Amino acid sequence: MYAVRLINNLKITLSALMIVSTTACSNYGTVGESIPPEGEEVQLTPRTSTYRDLTSLPSPNGKIVASVYNFRDQTGQYKSSPASSFSTAVTQGATAMLVGAMRDSGWFIPLEREGLQNILTERKIFRATNSKPNTPVNNDFELPSLLASNILIEGGIIAFDSNIRTGGIGARYFGIGAAEQYRVDLVTVNLRAIDVRTGRILHSVMTTKSIMSQEITSGVFRYIEFRRLLEMEGGTTTNEPSQLCVLSAIESALIHLIADGVKEHSWALSDPREIENEVLARYMNAESLIR
């Protein structure tokens, strides 16, 4: 049935290619002029369903003061050739993603630790300025101590597996053809909550997220009359942004970490009846199924 539908679409593909070629010639007379439209304006980063789950969690009894020093890429993976020029396969900004997710969850008070040296330098400058006469109004107060954390969040992006599943389908009839191919990659994230007082690992979770890539091509290659060859090609490629997949895996891991802590009584809800919260219950049940 799929093959029949694909063959039926070939006629539509041919007509579309002819229309596109005519339009392109009329609108883009200069050779080398870009056919795709101009880029969109700057916008906020789109968020997935995991972000909605993260912001829909019930309120905690008290926010957890937590530090993240470095949530880094531990995969050692680079983009495959020829796209690679020693460019990593996953984002190097996972620490910023995790800190942002912690803040948005409403469960944590994240402390700046990745740029701790910059804070210490500024505090030294503050003290040096404060000890001099004619101190500016914004520096005319005593500098408080830095806030200490109760929980240390550790972990990282621990695996990136490419081409774990590939496939496709195509058909060609009298020189008119179309094909579809796909590829699936997988990224894995580990997240750990550590008690600062004892160094004990309270909770540890791992989440995985697939990264989908799809290519659809169509073309015509046939002789329409003696020594007259018609050749046309068209296609599109869709790649799921890897950074959004990493962000989604981090958000999911953080929700699982919160749910596991509620279940093990490491932290509590402001209203115990919220244990039946739809989002929280779903992630707690997922923990039970894994175990």
Side-chain angles (χ1 to χ4, degrees), residues 45-57 66 68-80 83-84 87-105 107-108 151-168 181-194 201-215 237-264 266 278-291:
T45 301
R47 309 306 287 263
T48 61
S49 59
T50 54
Y51 181 77
R52 292 192 294 271
D53 291 344
L54 185 69
T55 55
S56 299
L57 290 172
V68 181
Y69 277 83
N70 195 3
F71 192 83
R72 58 190 180 86
D73 170 22
Q74 301 175 9
T75 66
Q77 294 291 323
Y78 291 89
K79 290 183 179 178
S80 56
S84 173
S87 178
T88 55
V90 294
T91 177
Q92 303 298 292
T95 304
M97 292 181 177
L98 176 57
V99 172
M102 290 169 61
R103 185 178 180 276
D104 293 342
S105 70
W107 274 75
F108 297 92
I151 297 295
L152 182 64
I153 303 296
E154 288 285 352
I157 306 170
I158 59 175
F160 180 84
D161 302 300
S162 59
N163 297 332
I164 64 168
R165 190 166 70 250
T166 59
Q181 300 181 62
Y182 72 89
R183 187 189 77 227
V184 180
D185 301 330
L186 199 69
V187 62
T188 304
V189 166
N190 172 258
L191 203 61
R192 303 188 300 276
I194 303 170
I201 298 177
L202 300 176
H203 308 283
S204 179
V205 298
M206 284 193 297
T207 57
T208 60
K209 176 68 173 71
S210 59
I211 305 174
M212 298 290 297
S213 299
Q214 182 186 44
E215 181 186 56
T237 301
T238 303
N239 297 311
E240 196 173 6
S242 61
Q243 72 271 17
L244 294 184
C245 295
V246 171
L247 178 58
S248 182
I250 291 173
E251 291 168 346
S252 179
L254 189 61
I255 300 172
H256 280 291
L257 196 72
I258 294 171
D260 198 27
V262 171
K263 186 175 180 179
E264 299 295 331
S266 297
E278 180 184 354
V279 175
L280 184 61
R282 175 153 43 89
Y283 282 85
M284 291 179 72
N285 292 336
E287 288 282 336
S288 301
L289 292 174
I290 292 174
R291 294 176 182 177

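Just so it is clear, the structure is predicted and the values come from calculations on it, not from any experiment.
At a threshold of 4.5 Å between non-hydrogen side-chain atoms, the residues F71 and V189 count as touching. S242 places none of its side-chain heavy atoms less than 4.5 Å from the side chain of V187. Looking only at side-chain heavy atoms (C-beta outward), V99 and R103 stay at 4.5 Å or farther from each other. Two residues are said to be in side-chain contact when any heavy atoms from C-beta on lie closer than 4.5 Å; L152 and E154 meet this criterion. K209 has its side chain out of reach of L186: every pair of non-hydrogen atoms, C-beta onward, lies at least 4.5 Å apart. Annotation: side chain of N239 is not in contact with side chain of I211 (no heavy-atom distance under 4.5 Å).
Residues C245 and S210 share a closest heavy-atom pair of SG-O, 3.7 Å. Scanning both residues, G156 and Q74, for their nearest heavy atoms gives CA-NE2, 4.0 Å. Here the closest heavy-atom approach between residue L244 and residue P46 is recorded as CD2-O, 3.7 Å. Closest non-hydrogen pair, M284 versus A259, comes out as CG-CB, 3.7 Å.
Once rounded to the nearest 0.5 Å, the distance linking CE of M212 with CZ of R183 reads 10.0 Å. Between the CG atom in L257 and the CD1 atom in I250 there is a gap of 12.5 Å [rounded to 0.5 Å]. Interatomic distance, CE of M206 versus NE2 of H256, reported as 12.0 Å (0.5 Å rounding). Within the model, atoms CZ of R282 and CG of D53 stand 4.5 Å from one another, a figure rounded to the nearest 0.5 Å. Note that the CZ atom of F108 and the CD1 atom of I151 stand 8.0 Å from one another [nearest 0.5 Å]. Distance check, rounded to the nearest 0.5 Å: OH of Y182 to OG of S213 gives 12.0 Å.
A donor-acceptor pair under 3.5 Å is formed between the side chain of N190 and the backbone N or O of V205. No donor-acceptor pair closer than 3.5 Å links the side chain of T188 to the backbone N or O of T208. Between the side chain of S105 and the backbone N or O of L54 there is no donor-acceptor pair closer than 3.5 Å. The main-chain N or O of V90 is found under 3.5 Å from a side-chain atom of Q92 such that the two form a donor-acceptor pair. Looking only at distances, a side-chain donor or acceptor of N285 sits under 3.5 Å from a matching main-chain atom of A281.
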Evaluate the side chain to side chain contact (heavy atoms under 4.5 Å, CB included) criterion for residues T91 and M97: first the C-alpha distance (whole Å), next the side-chain angles of each, then the deciding distance (0.1 Å), finally the verdict. CA-CA 10 Å; T91 177; M97 292 181 177; 3.8 Å; yes
Quick one, T88 with Q77, criterion side chain to side chain contact (heavy atoms under 4.5 Å, CB included). Give me CA distance, side-chain angles, the key distance, then yes/no. CA-CA 6 Å; T88 55; Q77 294 291 323; over 6 Å; no
Any chance you could lay out the side chain to side chain contact (heavy atoms under 4.5 Å, CB included) test for L254 and M102, step after step, and finish with the verdict? CA-CA 8 Å; L254 189 61; M102 290 169 61; 3.9 Å; yes
Please evaluate residues W107 and V262 with respect to the criterion side chain to side chain contact (heavy atoms under 4.5 Å, CB included), reporting the C-alpha separation (whole Å), side-chain torsions for both, the decisive distance (0.1 Å), and the verdict. CA-CA 11 Å; W107 274 75; V262 171; 3.7 Å; yes
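The residue from V279, L280, I255 that alone fulfils the side chain to side chain contact (heavy atoms under 4.5 Å, CB included) condition with S56 is V279.
In the model, D185 has no side-chain atom that pairs as donor or acceptor with a side-chain atom of S162 under 3.5 Å. A side-chain donor-acceptor contact under 3.5 Å links T50 and S248. Judged by distance alone, the side chains of H203 and S266 do bring a donor and an acceptor atom under 3.5 Å apart.
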